[in-house]
K.L.:
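First, the structure itself, so that you have it in front of you.
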Amino acid sequence: QVTLVESGGGSVQTGGSLRLSCAASGDITSSDCMAWFRQAPGKDLLRVASIASDGTTAYATAVKGRFTISKDNRKKTLYLQMTTLKPEDAAVYYCAANYGSDPYIPCAHKADFDYRGQGTQVDVSS
C-alpha cells in the first residue's frame with residue numbers, strides 16, 4: 001500500500017508559476033509509471049503529464065512547453081513545475097502511481113493507476 005500526498009497548490013495570477021509536489025509513503029523506484037491528473041468542475045479528468053521508470057515523459061497538448069514533470073527517487077517525491085499559468089489550468093491536481101498493473105499499456109497512455117492522492121487545488125485568476 002502506498003499513500004500519495006500532494007502539496008503546493010494555491011492561487012496565482014495569469015502568467016504565474018507553481019510547483020506541485022507529491023510525497024509517496026513508499027519506494028517510487030519500483031513504480032513503472034507516475035503521473036499528474038487534473039479535474040476542473042464540470043470537466044473530464046485530464047492526464048496532464050506522466051513519467052515512466054526510465055524517465056521518459058509525456059504531456060497533454062494543453063500544457064506542453066509550460067509544465068515539467070520530474071521525480072526525486074531518493075526523496076520519494078514527484079513534482080510538477082507549472083509556468084505561464086492560464087485560467088483554464090485551474091483545477092484539482094492529483095498525482096498517481098502505478099506498480100505493475102496493466103504492464104502492456106505504455107505509461108504515456110495509462111489511464112488507470114494503482115494509487116492516487118487526494119488532490120491539491122490550483123486557482124488562476126485573470
Side-chain angles (χ1 to χ4, degrees):
Q1 185 75 17
V2 176
T3 301
L4 303 174
V5 179
E6 301 94 337
S7 62
S11 298
V12 296
Q13 292 187 327
T14 297
S17 299
L18 281 174
R19 188 177 80 157
L20 305 182
S21 298
C22 170
S25 63
D27 179 20
I28 65 171
T29 57
S30 56
S31 171
D32 56 280
C33 182
M34 300 187 76
W36 287 97
F37 290 79
R38 72 184 186 192
Q39 188 163 29
K43 294 193 175 181
D44 293 335
L45 189 67
L46 172 72
R47 187 182 58 245
V48 174
S50 62
I51 184 166
S53 56
D54 65 356
T56 301
T57 58
Y59 298 91
T61 300
V63 307
K64 198 173 293 184
R66 299 188 297 121
F67 290 11
T68 303
I69 188 171
S70 62
K71 60 179 179 172
D72 186 324
N73 289 332
R74 184 178 60 84
K75 294 182 178 179
K76 298 186 290 184
T77 301
L78 178 73
Y79 301 100
L80 185 68
Q81 178 68 51
M82 306 186 295
T83 63
T84 321
L85 281 161
K86 305 175 182 180
E88 52 264 42
D89 294 319
V92 177
Y93 283 73
Y94 303 91
C95 66
N98 200 67
Y99 287 82
S101 295
D102 298 324
Y104 300 108
I105 299 177
C107 182
H109 300 288
K110 194 175 292 293
D112 296 319
F113 286 72
D114 294 318
Y115 303 101
R116 195 180 85 168
Q118 294 299 306
T120 185
Q121 179 72 45
V122 172
D123 294 311
V124 185
S125 58
S126 57

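Predicted, not measured: the structure shown is a model, and the values here were computed from it.
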K.L.:
Ser101: what forms a side chain to side chain donor-acceptor pair (under 3.5 Å) with it, not counting sequence neighbours?
P.N.:
Asp114
K.L.:
Can you name the closest pair of heavy atoms from Asp72 and Ile28 and give their distance?
P.N.:
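Nearest pair, atom of Asp72 first, then Ile28: O-CD1, 3.9 Å.
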K.L.:
So, taking the atom named SG in Cys22 and the one named NZ in Lys76, what distance separates them when rounded to the nearest 0.5 Å?
P.N.:
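Rounded to the nearest 0.5 Å, the SG-NZ separation comes out at 12.0 Å.
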K.L.:
Could you give the distance from OG1 (Thr3) to CD (Gln1), rounded to the nearest 0.5 Å?
P.N.:
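Here the interatomic distance stands at 6.0 Å.
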K.L.:
Quick check for you: to the nearest 0.5 Å, what is the distance between His109 atom NE2 and Ser50 atom OG?
P.N.:
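So the gap between those two atoms works out to 9.0 Å.
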K.L.:
Determine whether a donor-acceptor pair (N or O, by modelled atom type, separation under 3.5 Å) exists between the side chain of Asp102 and the backbone of Ile105.
P.N.:
no
K.L.:
Any side-chain heavy atom of Thr14 within less than 4.5 Å of one from Pro87?
P.N.:
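Yes; the side chains approach each other to less than 4.5 Å.
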K.L.:
Measuring from Lys71:NZ to Thr57:OG1, what's the distance to the nearest 0.5 Å?
P.N.:
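Reported to 0.5 Å precision, the distance equals 11.0 Å.
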K.L.:
Using 0.5 Å steps for rounding, measure from the OG1 atom of Thr68 to the CG atom of Leu80.
P.N.:
8.0 Å
K.L.:
Taking side chain to side chain donor-acceptor pair (under 3.5 Å) as the definition, give me every residue that meets it alongside Gln121, ordered by chain and number, with sequence neighbours left out.
P.N.:
Asp123
K.L.:
How close do Ala60 and Arg47 get, heavy atom to heavy atom, and via which atoms?
P.N.:
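Ala60 and Arg47 have their closest heavy atoms at CB-O, 3.5 Å.
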K.L.:
Looking at every non-hydrogen atom in both residues, tell me the closest pair between Tyr99 and Ala97 and how far apart they are.
P.N.:
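Heavy atoms only, the tightest pair is CE1-CB, 3.7 Å.
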K.L.:
Compare every heavy atom of Ala40 with every heavy atom of Ala90, then report the nearest pair and how far apart it is.
P.N.:
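Residues Ala90 and Ala40, closest heavy atoms: O-CB, 3.6 Å.
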K.L.:
Is Glu6 close to Tyr93 at the side-chain level, that is, under 4.5 Å between some pair of heavy atoms?
P.N.:
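No. Closest side-chain heavy atoms not under 4.5 Å.
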K.L.:
Just so I know, are the side chains of Leu4 and Leu78 near enough to count as touching, which here means a heavy-atom distance under 4.5 Å?
P.N.:
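Side-chain contact under 4.5 Å: no.
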K.L.:
Decide yes or no for Val63 and Arg38: does some side-chain heavy atom of the first lie under 4.5 Å from some side-chain heavy atom of the second?
P.N.:
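Yes - at least one pair of side-chain heavy atoms lies under 4.5 Å apart.
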K.L.:
Just how far is it from atom OG1 of Thr84 to atom CZ of Phe67, taken to the nearest 0.5 Å?
P.N.:
9.0 Å
K.L.:
Which pair of heavy atoms, one from Asp112 and one from Asn98, lies closest together, and at what distance?
P.N.:
O-OD1, 3.8 Å
K.L.:
Does Thr83 reach the main-chain N or O of Arg66 with its side chain, forming a donor-acceptor pair under 3.5 Å?
P.N.:
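Checked: pair present.
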K.L.:
Are the side chains of Lys110 and Asp32 in touch, meaning some heavy atoms are under 4.5 Å apart?
P.N.:
yes
K.L.:
Checking one residue: Phe113. Which other hydrophobic residues are in its cluster under the side-chain 4.5 Å linking rule?
P.N.:
Phe37, Leu45, Val92, Tyr94
K.L.:
Where is the tightest heavy-atom contact between Ser31 and Met34, given as atom of each residue plus distance?
P.N.:
OG-CG, 3.4 Å
K.L.:
Test Met82 against Val12 for side-chain contact (heavy atoms from CB on, under 4.5 Å), laying out the working first.
P.N.:
CA-CA 11 Å; Met82 306 186 295; Val12 296; over 6 Å; no
K.L.:
Hydrophobic clusters here meaning ILVMFWY residues chained together by side-chain heavy-atom distances under 4.5 Å, can you tell me if Leu18 and Tyr79 are in one?
P.N.:
no
K.L.:
Within a reach of under 6.0 Å around CD of Gln39, are more than 12 heavy atoms found that belong to other residues, nucleotides or ligands?
P.N.:
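Yes, the 6.0 Å shell around CD holds more than 12 heavy atoms from other groups.
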